[in-house]
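Counting convention: from 1, in listed order, for ligands and their atoms alike. In this chain, numbering begins with 1 at the start of the sequence shown. Everything numeric here is computed off the predicted structure, so don't read it as measured data.
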Amino acid sequence: MTNDISKVLISEQELDNLVTKLANQINLDYNGKELVLIGLLKGSVVFMTDLIRKINLPCTIDFISVSSYGDSTESTGRVKINFDVSQSVAGKHVVIVEDIIDSGNTISYMLKYFDGKGAESVKICTLLDKPDRRVADIEVDYSGTIIPDEFVVGYGLDYAEKYRNLPYVGILNPNVYS
Ligand code: IMP
Ligand code: MG
């Protein structure tokens, strides 16, 4: 499997540092507020479980499943909700937890979605930000790190549902998908 990875981009230790940085920022900003962390399945799962263990505020977690990519490496621009959160977000402070923001279409849709459900505030926390191919006009509130325009996998991120279990983030060898 590791032959499919052309380069380790972010090591386990570096990931831990990024997650700690993001959790510290959230801990400061949401002190005294009712916080709901909403993970976008499935890519955010590994990041989410690490992040919440570093959040020291009362909070709840939830998940929503959306798809935009199918098995390709480029955004279709369409977002479909496969299943929804299990609680009302009305009056609550929502932080959407995402593995990576590429075109921004997914997160732009989610911002409007939770806003429309009456959330008190909606912010974005992404582990990785790939701004080169950004289409949507969005502001990323919490960003772990900016990465170049390469297709990456591991630490929850997949290609065709595989590689999510790698403990690091690596660049997928293009010969896997071309
Ligand atoms: P966007 O709607 O184009 O911003 O895409 C966001 C979603 O596309 C993310 O939640 C990922 O699931 C997926 N995605 C974008 N870039 C990558 C990548 O480099 N590796 C794995 N998944 C990616
Ligand atoms: Mg994905």
Measuring from C125:SG to F47:CZ, what's the distance to the nearest 0.5 Å?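 Nearest 0.5 Å value for the SG-CZ distance: 4.0 Å.
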Hey, does G104 come in under 3.5 Å of ligand 1, counting only N/O atoms on both sides?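 Yes; at least one N/O pair falls below 3.5 Å.
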Shortest reach to [atom] by a heavy atom, considering only [options]:
{"atom": "atom 12 (O) of ligand 1", "options": "L128, D102, D99, V169", "value": "D99"}
{"atom": "atom 23 (C) of ligand 1", "options": "L40, D158, I100, L9", "value": "I100"}
{"atom": "atom 20 (N) of ligand 1", "options": "V152, L172, V66, I147", "value": "V152"}

Contact with ligand 1 for I107, non-hydrogen, under 4.0 angstrom: no
Would you check if there is a donor-acceptor pair between the side chains of Y177 and D4 at a distance under 3.5 Å? no
Quick one about K33 and N31 (side-chain donor to acceptor, distance below 3.5 Å, no hydrogens or angles considered), yes or no?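 Judged by distance alone, the side chains do not pair up.
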Considering only heavy atoms of [X], which atoms of ligand 1 have at least one such atom less than 4.0 Å away?
{"X": "E150", "value": "19 (O)"}
{"X": "K130", "value": "16 (N), 17 (C), 18 (C), 19 (O)"}
{"X": "T106", "value": "1 (P), 2 (O), 5 (O), 6 (C)"}
{"X": "E98", "value": "9 (C), 10 (O)"}

Taking the six-membered ring for Trp, are Y155 and Y168 ring centroids under 6.0 Å apart?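 That pair fails the under 6.0 Å test.
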Hey, mind stepping through V66 and T106 against side-chain contact (heavy atoms from CB on, under 4.5 Å) and telling me if it holds? CA-CA 8 Å; V66 301; T106 308; 3.7 Å; yes
On a heavy-atom basis, which atom in D62 and which in M48 lie closest, and how many Å separate them?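 Scanning both residues, the minimum pair turns out to be O-CE, 3.8 Å.
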Out of K21, Q13, E14, which residue meets the side chain to side chain donor-acceptor pair (under 3.5 Å) rule with N17? Q13
Which part of R133 is near ligand 1, with near meaning a heavy atom under 4.0 Å away: side chain, backbone, both or neither?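 Neither; nothing of R133 gets under 4.0 Å from ligand 1.
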